**Student:** 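Have a look at this one before I ask anything.
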Amino acid sequence: MKNLNTLLAGVFLAVALPFGALILSGQSQLGGLGRAAGEEGGALFPSREPGLAIQGRAVYVSLGCVNCHTQQVRPAGQGSDIARGYGVRPSVARDYALQSQVLLGERRLGPDLANYGARTSQINVETLLTDPASSGAVWHPSYRFVDAAQRTALVAYLKSLRQDYPSPEAKLKK
Amino acid sequence: MTQDNRSGRPQGRPPEGDGRVSRVEASLRGPFLLFFVSAVIWLLAASVLGVIAALGLGSSVGVLRDCAWFTPGRIAAAQQDLFIYGWGFNAFFALNLWLLAQLGRFEFRNGWLAQLGGVAWNLALTYGIARVFAGDMTGYRLLDFPREVGPVLAVAFLLAGFWPIVAFARRPSGHTFASQWFVVGASFAFPLVYLLAQLLVLWQPASGVVQALAHSWFVANLLQLWFGASALAAIYYFLPKVLERTLTGYYLAPVAFWTFFLFAGWTGPAALVGSPVPLWLQSTGVVAAAMMIIPVIIVAINVHGTLCSQGGWARAWNDTTLRFVSFGAVAFTLAGVLGGVFAFRSMSALVRFTSFATGLEQLLVYGCASMVVFGATYFILPRLTGALWPSAKLVHVHFWATALGFLAAVVAWLVGGWQNGQLLANPAVAYADVLRAESSWFLVLKISAVLLLVGHVAFALNAFGMILKAPAPAGRHD
């Protein structure tokens, strides 16, 4: 413990080893994921995001929505996400493979949004942003200051959030 | 208050009693005060934002809600960033430098470089916070700033936060102390972790959920290897120093140090249990979080063992520095034990996505790290300025407001999170009812935020009053 080099080498390894083992091997395992068909000959999923949805994600991030909303459905036995109707199956890594920015979220002060596009209508979102009290949402802040173009993009993004398609990994998880 | 100090003012006056400070301390005065004053200003700003955020809890029409700059998400991000990067980093730049300079008899001749780093750090932080309020965030907690801020912060860290390693390298004697290991470890690990996280999350984003993995790895390292290690360094210094005795089982301290650094870096994925990342990664995180109990137990033997012998708790209670430091030590133990227990899959599933994780995090960064910094300040500032704390009442207000405010908040986060998790686990309970049940804790959080602000204002008034009244530095050199 008297030698600085030994101390620094030890600390370096304490940072480098987990980084290599967790992050680099995670990248090596998941980095090649792309679109895939849930069944032989089926359509490829996840779908590519429409341009407007990509703009909408920027609005979502900019408003700080990720502070209160998650975008992940846990498997049965790990919470009640599926029983609550947040999704028909647990989220898998492939669901996020095409997303340039993955916003899993850490806190739920509002419902999970991983499948928001599959379970709501555009009107709900518009009302939620402009007049949350009348939409029945508990505590949702009003975002009246969001202009029409941003609102349209945000709605497109939220509508694009869906994980209700078949996925090979989800089958295995079941 | 100290038993031999009937005025009720905290200890820490230079032993000579004539206001002189050593050359080592005189050389630290400029950088230390820059970091410290910056830290306190950021702490006040974070506290004000904390009150605004708390007042908005459970309401859709909260304070400033119709202003785009103050969405709940932006306030939360700015508040956390101000607290972590503004208060936490500046405070530990000051404390770590002081500790290693003291222990290594390091006369700091390049203080201007550290001050330059401090100025760069604070300017980059100000810019980053302004961008967060403007909505230019990344969406990754504690990496919220636009990516151009990252390299500036990294360079500023090297200028401001790397000096403890220089002080260690230039120490005159071969003997070393646990405090030195922890500070050197923290000062060396953070820039590595920060640069790697910046690279994989913001500059060259990893694929899909690996971003979330890299982010969880970063957050765990930031909290443990910077805040945890720096706080432990101060605990290992001030406890034996003020009690004037060696720590119980001190021979175990190297094991605590190495196991702490060995396991902390692996705990990140424990925050992703149930998430769409491979199970082996989640399990690795869980095992590492459970293994963290080893350094936690050793630290508990060293610290609580010492406090439990020869009237240690009573002396700690009567000394301002030790009162805060021992509060921090208890919070560290609690955070370590709860972190290990609630990393397990079944427990984690219950409290995931609730306020429980906030409670655990705050146990470490506020209950432990911040309280330790407060205690250290009561020891160091009189030595650096040659003055006494202006008001004993403000010291009392500071301790009681922060201690009670923090305890109330942590109970609300932990117990409220637990209750919230149990309701969430039951799909028969409507989500709106879950949220309404959670709102019963919001009043506690609001009172707590106000108490913390009061405590921080009292601390700032006392500290700034002391610094402003301090005699000119030139007259105090040996």
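Everything numeric in this text was worked out from a predicted model, so none of it was measured. Per chain, numbering begins at 1; letters A, B, ... match sequence-line order.
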**Student:** Between A:Ser91 and A:Gln163, is any side-chain donor less than 3.5 angstrom from a side-chain acceptor?
**Tutor:**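 A:Ser91 vs A:Gln163: donor-acceptor pair found between side chains.
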
**Student:** Which one wins on heavy-atom pair count under 4.5 Å against chain A: B:Val201, B:Leu435, B:Thr138?
**Tutor:**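 Most heavy-atom pairs within the cutoff with chain A belong to B:Leu435.
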
**Student:** For chain B, find which of A:Gly79, A:Ala21, A:Cys65 contributes the most heavy-atom pairs closer than 4.5 angstrom.
**Tutor:**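 Of the options given, most contacts go to A:Ala21.
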
**Student:** May I ask you to name which of A:Gly64, A:Ser62, A:Ser80 has the most heavy-atom pairs under 4.5 Å with chain B?
**Tutor:**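 So the answer, after comparing A:Gly64, A:Ser62, A:Ser80, is A:Ser62.
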
**Student:** Picking from A:Asn5, A:Ile23, A:Asn67, A:Leu98, which has the most non-hydrogen pairs under 4.5 angstrom with chain B?
**Tutor:**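 The answer is A:Ile23.
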
**Student:** Relative to chain A, which segment of B:Arg345 carries a heavy atom at a distance below 4.5 Å: side chain, backbone, both, or neither?
**Tutor:**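 For B:Arg345, the contact with chain A is made by backbone and side chain together.
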
**Student:** At a heavy-atom separation under 4.5 Å, does B:Leu423 approach chain A through its side chain, its backbone, both, or neither?
**Tutor:**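 Just the backbone, heavy atoms under 4.5 Å.
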
**Student:** With a 4.5 angstrom heavy-atom cut-off, could you sort out which part of B:Tyr431 is near chain A: side chain, backbone, both or neither?
**Tutor:**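 For B:Tyr431, the contact with chain A is made by backbone and side chain together.
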
**Student:** What option among A:Val66, A:Leu63, A:Leu103 has the most heavy-atom pairs under 4.5 Å with chain B?
**Tutor:**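 It is A:Leu63.
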
**Student:** Under a 4.5 Å heavy-atom cut-off, does chain B meet the side chain of A:Tyr60, its backbone, both or neither?
**Tutor:**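 When you check distances to chain B, no heavy atom of A:Tyr60 falls under 4.5 Å.
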
**Student:** From A:Ser142 OG over to A:Leu129 CG, what is the distance, rounded to the nearest 0.5 angstrom?
**Tutor:**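 Going from OG on A:Ser142 over to CG on A:Leu129, the span is 8.5 Å.
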
**Student:** Output the option from A:Thr70, A:Asn3, A:Leu7 having the highest count of non-hydrogen pairs under 4.5 Å with chain B.
**Tutor:**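 Option with the greatest count: A:Leu7.
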
**Student:** In a table with atom names and distances, give each donor-acceptor pair under 3.5 Å that connects a side chain of residues 260-273 of chain B to protein atoms at least two apart or in another chain.
**Tutor:**
| unit_1 | atom_1 | unit_2 | atom_2 | d |
| --- | --- | --- | --- | --- |
| B:Trp266 | NE1 | B:Leu262 | O | 3.2 |
| B:Thr267 | OG1 | B:Ala264 | O | 2.7 |

**Student:** I'd like to know which of B:Ile165, B:Val132, B:Thr354 tops the heavy-atom pair count under 4.5 Å against chain A.
**Tutor:**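 If we count pairs closer than 4.5 Å to chain A, B:Thr354 comes out on top.
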
**Student:** Kindly confirm or rule out a cation-pi arrangement of A:Arg74 over A:Tyr86, judged by NZ or CZ under 6.0 Å from the six-membered ring centre and within 45° of its axis?
**Tutor:**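 The answer is no; the distance or angle limit is not met.
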
**Student:** If you count heavy atoms of other groups shown closer than 6.0 angstrom to CZ of B:Arg170, is the number above 12?
**Tutor:**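 Result for CZ/B:Arg170: open.
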
**Student:** So if I apply the ring-ring contact (aromatic ring centres under 6.0 Å, His included) rule between B:Tyr236 and each of B:Phe257, B:Trp181, B:Phe182, B:Phe177, which one comes out positive?
**Tutor:**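 In the set B:Phe257, B:Trp181, B:Phe182, B:Phe177, the residue that makes a ring-ring contact (aromatic ring centres under 6.0 Å, His included) with B:Tyr236 is B:Phe182.
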
**Student:** For B:Asn426, is it the side chain, the backbone, both or neither that has a heavy atom under 4.5 Å from a heavy atom of chain A?
**Tutor:**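 Just its backbone gets close to chain A.
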
**Student:** Go through the atoms of B:Val429 and report whether side chain, backbone, both or neither lie under 4.5 Å from a heavy atom of chain A.
**Tutor:**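 For B:Val429, heavy atoms of backbone and side chain both lie under 4.5 Å from chain A.
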
**Student:** Select one option (side chain, backbone, both, neither) describing which atoms of A:Gln27 are under 4.5 Å from chain B's heavy atoms.
**Tutor:**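 Contact with chain B involves both backbone and side-chain atoms of A:Gln27.
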
**Student:** Considering only heavy atoms from C-beta outward, does the side chain of A:Glu169 approach that of A:Leu33 to under 4.5 Å?
**Tutor:**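 Yes. Closest side-chain heavy atoms under 4.5 Å.
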
**Student:** Please classify the contact between B:Ala430 and chain A as side chain, backbone, both or neither, with a heavy-atom cut-off of under 4.5 Å.
**Tutor:**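 B:Ala430 touches chain A through backbone heavy atoms alone.
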
**Student:** Using atom types as modelled and distance alone, determine if a side-chain donor or acceptor of A:Arg57 lies under 3.5 Å from a backbone N or O of A:Tyr157.
**Tutor:**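 No, the answer is negative, given that no donor and acceptor are paired below the 3.5 Å cut-off.
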
**Student:** Name the member of B:Ala357, B:Ala428, B:Gly285, B:Ser355 that forms the most heavy-atom pairs with chain A at distances under 4.5 Å.
**Tutor:**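 The option with the most such pairs is B:Ser355.
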
**Student:** Please answer whether the main-chain N or O of A:Leu113 pairs with a side-chain N or O of A:Gln71 as donor and acceptor at a distance below 3.5 Å.
**Tutor:**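 A pair under 3.5 Å: no.
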
**Student:** Okay, side chain of A:Tyr96, backbone of A:Leu104: is any donor-acceptor separation there less than 3.5 Å?
**Tutor:**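 Judged by distance alone, no pair lies under 3.5 Å.
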
**Student:** At a heavy-atom separation under 4.5 Å, does A:Thr6 approach chain B through its side chain, its backbone, both, or neither?
**Tutor:**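 Contact with chain B is through the backbone of A:Thr6 alone.
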
**Student:** List the steps and the verdict of side chain to side chain contact (heavy atoms under 4.5 Å, CB included) for A:Lys2 and B:Gln180.
**Tutor:** CA-CA 10 Å; A:Lys2 293 177 185 173; B:Gln180 291 170 298; over 6 Å; no

**Student:** Would you mind checking which part of B:Leu200 comes under 4.5 Å of any heavy atom in chain A, side chain (CB onward), backbone (N, CA, C, O), both or neither?
**Tutor:**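 Side chain of B:Leu200 only, per the 4.5 Å heavy-atom cut-off to chain A.
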
**Student:** What part of A:Leu109 lies closer than 4.5 angstrom to a heavy atom of chain B: side chain, backbone, both or neither?
**Tutor:**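 Its backbone and side chain both get close to chain B.
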
**Student:** Minimum heavy-atom separation for B:Trp441 and B:Gly416, please, with both atom names.
**Tutor:**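 Looking at all heavy atoms of both residues, the shortest contact is NE1-CA, 3.3 Å.
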
**Student:** Listing request: all ring pair (Phe, Tyr, Trp, His ring centres under 6.0 Å) pairs with a residue in residues 19-43 of chain A, at least two apart in sequence or in separate chains.
**Tutor:**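 Qualifying pairs, neighbours excluded: A:Phe19-B:Trp217.
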
**Student:** Has B:Arg352 got a side-chain atom pairing as donor or acceptor with B:Ala349's backbone, closer than 3.5 angstrom?
**Tutor:**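 Answer holds: no.
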
**Student:** For B:Ala77, is it the side chain, the backbone, both or neither that has a heavy atom under 4.5 Å from a heavy atom of chain A?
**Tutor:**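 No part of B:Ala77 comes within 4.5 Å of chain A.
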
**Student:** Name the region of A:Leu22, side chain, backbone, both or neither, that has any atom closer than 4.5 Å to a heavy atom of chain B.
**Tutor:**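 Contact with chain B involves both backbone and side-chain atoms of A:Leu22.
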
**Student:** Could you tell me which portion of A:Leu17 (side chain, backbone, both or neither) has an atom closer than 4.5 angstrom to a non-hydrogen atom of chain B?
**Tutor:**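 Both backbone and side chain.
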
**Student:** With chain B as the partner, which of A:Gln29, A:Gln99, A:Arg94 has the greatest number of non-hydrogen pairs under 4.5 Å?
**Tutor:**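 Highest number of heavy-atom pairs under 4.5 Å: A:Gln29.
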
